Amino acid sequence: MIDMIEDLIQENEEFIGDTVLEGIGRSSPFFCNGKVIGKPFNLQQLVDKYSKDAIPDTLGIYHLFYHDQLIYIGMSKSIRKRLMQHLGDDDMPFNNVLWFCSDQLKKNATIADVLEVEYRMIKYFKPVLNGTGANCR
C-alpha cells in the first residue's frame, strides 16, 4: 500500500498550484511512510475565493480532515459534486481536504481501479468516519 501511494500520488499542491492556494488555510502536511502526499487545505475558503469550479469535476478520491486528523476517505465520479454535498452537510465535521483525480492514480483509470485504491487507503489509514462496514467495499 505504501509503495502504491508513493508511486501514484503527486503532492496535491502540485496539482492545484501554490499560487491558487495562496491565502487559503492549510493544515500540516499529510504523510505516508515519512513522505508528504499533500497539504490539506480549507475547502470552504477555496470555494469562496474561486467558486466551486476550482474543484475538478472528475472521477477521483478525496480525503476529509478535521484540522490535522484524517476523518474520512471517499470516492466519487465527480469530486466537485460530492465535496459540495459534504460542504452543505452539517453532520460532516471537516474543514480541510485533499483530492486525487483518477489520472493521478492511474492513466485511464476506471471506477473499479479508483474503488480499489479507495478501499486500500481506507484499510491503511483507518479514518474514524469510515468505520467497519462504512464505505468499505
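The residues of the chain are indexed from 1 along the displayed sequence. In this text the structure is predicted, and so the values were computed from the model without any measurement.
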Check your understanding: Which of these, Y124, Y72, F94, F100, sits in a ring pair (Phe, Tyr, Trp, His ring centres under 6.0 Å) with H63?
Key -> F100
Polar side-chain atom of [X] near backbone of [Y] as donor-acceptor pair, under 3.5 Å:
X: Q45; Y: G25; result: yes
X: K126; Y: K123; result: yes
X: Q69; Y: Y66; result: no
X: D68; Y: S28; result: yes
X: N95; Y: N42; result: no

Practice item. Could you note down all residue pairs passing salt bridge (Lys or Arg N to Asp or Glu O under 4.0 Å) where residues 45-56 supplies at least one of them, sequence neighbours left out? Key: D53-R80
Study note, to complete from the structure: Sequence neighbours excluded, the answer for side chain to side chain contact (heavy atoms under 4.5 Å, CB included) partners of T110 is A112, D113
**Study point:** Contact check, side chains of L21 and L46, non-hydrogen atoms, under 4.5 Å
**Key:** yes
**Study point:** Minimal non-hydrogen separation, I122 against P127, with atom names
**Key:** O-CD, 3.7 Å
Check your understanding: Could you go step by step and tell me if H86 and Y62 meet the side chain to side chain donor-acceptor pair (under 3.5 Å) rule?
Key -> CA-CA 11 Å; H86 282 309; Y62 58 92; 2.8 Å; yes
Practice item. Please identify each residue that fulfils ring pair (Phe, Tyr, Trp, His ring centres under 6.0 Å) with F65, with sequence neighbours left out. Key: F30
